[in-house]
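Worksheet: the structure to be examined is printed underneath.
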Protein chains: 2
Amino acid sequence: MSGELTTEARILEVASRLFYERGYEATSMRDLAEGVGIRAPSLYNHFADKQAILVRICLDTMREFHTGALECLAGMDNPAHRLRVLINWQVRFEASHPYTVRVADAQLTALDPVTRREVIEVRDAYEQLLTSILAEGGHQGHWRVEDPRVICMGIIGMCKINSWYRDGAALTPEQIGDRYATLILAALDASTRI
Amino acid sequence: MSGELTTEARILEVASRLFYERGYEATSMRDLAEGVGIRAPSLYNHFADKQAILVRICLDTMREFHTGALECLAGMDNPAHRLRVLINWQVRFEASHPYTVRVADAQLTALDPVTRREVIEVRDAYEQLLTSILAEGGHQGHWRVEDPRVICMGIIGMCKINSWYRDGAALTPEQIGDRYATLILAALDASTRI
DNA sequence: CCCCTAGACTAACAAGCGTTAGTTTGCATG
DNA sequence: CATGCAAACTAACGCTTGTTAGTCTAGGGG
């Protein structure tokens, strides 16, 4: 065992990178094994089959993302604070999990239908969370939000910095998150003229 | 020949849908041929190989997107108008080319390096276009834009409605584009308190 | 009326795929 | 020192893949 990680952890690590770079179907078990430093059949000592590796990556990532979001919001009431915290969390998560986040999104089509449904349910739960914050801010009169869902999807898309952000950029993920949160909060402010 | 399209056009149409649904690698030439209503070897009467089909889809889509953007901006000077028009164009294009836009993005890894570079160059040109508009509005004092590129990427991400928008939604693409443009313009407005 | 070409077809190939069976190895425990 | 088990290995399987070679057929121009 090289390094200090278990073989299972190293398989997941290498698989995330390869699925990210080439896609699930374009990555062979032999490629993956070579990256780990073992032979292909040995992979089956750790995972039932190729699909199980993808399932682990996608489900683990989505669940960590969602539970982390809930923890960030714990005990917060003010919609503006909640929105800012959530935007910051997503941006930071995208930057700290560059491979797995993209795999969980772009390789959805390679997932078996059952797991795909599960991943989508977690994703929907997050969207619901964000939408409810927007709606609440609207009801309280702080924000101008005619279509919370449309705004929600716009914010989520904006926060997907994973497609362009690379380590060593001029701004840290924290700074980018702050910029986006400030921008959205300014835009939603009901006192602003259109 | 069924319908009124050439066989080549029908191949591109079916391939776009299959690459979108399953990915490039997961779509076999036999699957594709079946969708078109011919046998696999007949595909080679229209395209040199499988890769050539993907190349056509990705390059055609990106070029149509970029030249369309330039046409939308022709003769427009005001940064606010230019930004609004560009946001609207992207949102409408995403909605009107749901399959090919996603393929040109998600299947980038399946493209041969030469074509991938070409696609990325077109994408970069669009980003440069948007960034320059933001920077100009900043220099003219209309907008508060400290980091034009970060804002640019945020706007582009926001406009990728293709991942969630489906025909028959409550709002039309035009309406969504208007909402986003208004939101961004309100956020950038230099006279707004933060 | 014949020929030529475009575009369909069948048959088949070599390569690579995910996976299984069966075997060996090395360490930890009694 | 013997034993057992986890986890590596080699060999090989059946299948699918992209692609090529060669053939057939229908329609339009000389």
Side-chain angles (χ1 to χ4, degrees), chain A residues 1-58 103 106-116, chain B residues 1-58 103 106-116:
Chain A
M1 201 151 340
S2 92
E4 30 181 295
L5 281 66
T6 62
T7 306
E8 183 185 290
R10 297 187 56 236
I11 292 172
L12 289 171
E13 195 178 75
V14 175
S16 298
R17 206 191 68 238
L18 292 180
F19 292 170
Y20 169 88
E21 287 170 355
R22 320 178 184 178
Y24 174 76
E25 311 277 356
T27 303
S28 76
M29 293 297 267
R30 288 166 180 83
D31 292 339
L32 173 53
E34 192 186 12
V36 177
I38 58 179
R39 296 285 204 275
S42 300
L43 295 169
Y44 292 82
N45 287 322
H46 304 276
F47 292 92
D49 51 23
K50 190 186 180 188
Q51 175 72 206
I53 301 175
L54 182 64
V55 167
R56 267 289 296 277
I57 293 173
C58 294
V103 168
Q107 306 300 320
L108 254 188
T109 62
L111 270 180
D112 71 280
V114 174
T115 314
R116 190 187 320 158
Chain B
M1 202 155 338
S2 91
E4 29 181 294
L5 280 66
T6 62
T7 305
E8 183 185 290
R10 295 188 56 236
I11 292 172
L12 288 171
E13 194 177 76
V14 175
S16 298
R17 206 191 68 238
L18 292 180
F19 292 171
Y20 169 87
E21 287 171 355
R22 319 177 185 180
Y24 174 76
E25 311 278 356
T27 303
S28 75
M29 293 297 266
R30 288 165 180 84
D31 292 338
L32 173 52
E34 192 185 12
V36 177
I38 59 179
R39 295 285 205 275
S42 300
L43 294 169
Y44 291 82
N45 287 323
H46 303 275
F47 292 92
D49 51 22
K50 190 186 179 187
Q51 175 72 204
I53 301 175
L54 181 64
V55 167
R56 267 289 296 276
I57 293 173
C58 294
V103 169
Q107 306 300 319
L108 253 188
T109 63
L111 270 180
D112 71 281
V114 174
T115 313
R116 192 187 320 160

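- Listed by chain and residue number, nothing satisfies the side-chain hydrogen bond (donor to acceptor under 3.5 Å, both in side chains) test with A:Ser42 (two or more places apart in sequence, or in another chain).
- Once rounded to the nearest 0.5 Å, the distance linking NE2 of B:His46 with CZ of B:Arg56 reads 12.0 Å.
- DNA chain C lies under 4.0 Å from at least one heavy atom of each of the following residues of residues 27-34 of chain A: A:Thr27, A:Ser28, A:Met29, A:Arg30.
- Side-chain contact between A:Asp112 and A:Leu54 is absent, with no heavy atoms from C-beta onward closer than 4.5 Å.
- Here C:dT20 presents its C1' atom at 18 Å from CZ of A:Arg39, a figure rounded to the nearest Å.
- One distance of note links CG of B:Leu5 with CD of B:Glu13; it measures 6.0 Å at 0.5 Å rounding.
- Using a 4.5 Å heavy-atom cutoff, the side chains of A:Phe47 and A:Leu12 are in contact.
- The separation between B:Leu54 atom CG and D:dG18 atom C1' is 15 Å, rounded to whole Å.
- The closest side-chain heavy-atom distance from B:Cys58 to B:Leu111 is below 4.5 Å.
- Sequence neighbours left out, the pairs with a member in residues 15-32 of chain B that pass side-chain hydrogen bond (donor to acceptor under 3.5 Å, both in side chains) are B:Tyr20-B:Arg166, B:Arg22-B:Asp31, B:Tyr24-B:Gln51, B:Ser28-B:Asp31.
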Could you write nucleotides 21-29 of chain C as a row of B, S and -, 5' to 3', where a protein heavy atom under 4.0 Å of any base atom gives B, of only sugar-phosphate atoms gives S, and otherwise -?
---------
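- Using a 4.0 Å cutoff on non-hydrogen atoms, the parts of residues 42-53 of chain B near DNA chain C are B:Ser42, B:Asn45, B:His46, ordered by number.
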Stepwise side-chain contact (heavy atoms from CB on, under 4.5 Å) check, B:Ile53 with B:Leu32
CA-CA 11 Å; B:Ile53 301 175; B:Leu32 173 52; 3.8 Å; yes
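- When the side-chain hydrogen bond (donor to acceptor under 3.5 Å, both in side chains) test is applied to B:Glu34, no partner is found at least two apart in sequence or on another chain.
- Rounding to the nearest 0.5 Å places CD1 of A:Ile11 at 10.5 Å from CD1 of A:Ile57.
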